[in-house]
Amino acid sequence: MFAVRVHGLESVTPRTGVASLGVRPTVKHDGRPLLETFLFDFDENIYGRRISVEFVHKLRDEERYDTVDALTRQIRVDADQARDYFAKSA
């Protein structure tokens, strides 16, 4: 999991968020690598748009969780850590 900046959306200023790059071991076995990105305070449909994802800080390695609920809880922790990272680096 990474803290990221996303470039190429509506404004010149990049959006911040978290991204997972991996094979999603909790939800799929033998999956192909995939980049999933969540942007903070952003609620628009941007599927099909060309963007650039800048990896700025590694939060943790990919892990397998026993349940999707456990994964969801960890993602909330990751998002909080990323928000803290961006607040301190501002």
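These numbers come from the heavy atoms of this one structure, side chains and all, not from hydrogens, waters or symmetry mates.
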(message) Check this for me: does any side-chain nitrogen of one of E62 and R24 sit under 4.0 Å from a carboxylate oxygen of the other?
(response)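 Salt bridge between E62 and R24, a charged N being under 4.0 Å from a carboxylate O: no.
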(message) Please find the pair of heavy atoms, one from T37 and one from A19, that lie closest to each other, and give the distance.
(response)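 Heavy atoms only, the tightest pair is OG1-CB, 3.7 Å.
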(message) If you compare all heavy atoms of A82 against all heavy atoms of V18, which two are closest, and at what distance to 0.1 Å?
(response)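 So the minimum-distance heavy-atom pair works out to CB-CG1, 3.4 Å.
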(request) Ignoring hydrogens and angles, tell me if any N or O in the side chain of R15 forms a donor-acceptor pair with the backbone of F40 under 3.5 Å. (result)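 Yes.
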(request) Say whether, by atom type as modelled, one donor and one acceptor occur between the side chain of T26 and the main chain of V68 under 3.5 angstrom. (result)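 Side chain of T26 to backbone of V68, a donor-acceptor pair under 3.5 Å: no, none is there.
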(message) Applying a strict under-4.5 Å side-chain criterion to I, L, V, M, F, W and Y, I'd like to know whether L39 and V56 cluster together.
(response)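 Hydrophobic grouping puts L39 apart from V56.
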(request) May I ask whether F86 and F42 are part of the same hydrophobic cluster, defined by side-chain heavy atoms of I, L, V, M, F, W, Y residues being less than 4.5 angstrom apart, directly or through others? (result)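 No, F86 and F42 fall in different hydrophobic clusters.
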Could you tell me the separation between the [atom1] atom of [X] and the [atom2] atom of [Y], rounded to the nearest 0.5 Å?
| X | Y | atom1 | atom2 | result |
| --- | --- | --- | --- | --- |
| L59 | F2 | CG | CZ | 8.5 Å |
| R5 | S52 | CZ | OG | 12.0 Å |
| I46 | L9 | CD1 | CG | 4.5 Å |
| R60 | S20 | CZ | OG | 7.0 Å |
| L71 | R76 | CG | CZ | 10.0 Å |
| M1 | F55 | CE | CZ | 11.0 Å |

Does the side chain of [Y] come within less than 4.5 Å of [X]'s, by heavy atoms?
| X | Y | value |
| --- | --- | --- |
| E36 | L34 | yes |
| T16 | Y85 | no |
| P33 | V23 | yes |
| V53 | L35 | yes |
| Y65 | I75 | no |

(request) Write out all pairs satisfying salt bridge (Lys or Arg N to Asp or Glu O under 4.0 Å) with one or both partners inside residues 81-90, taking only residues at least two apart or from two chains. (result)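 Residue pairs with at least one partner in residues 81-90: D41-R83.
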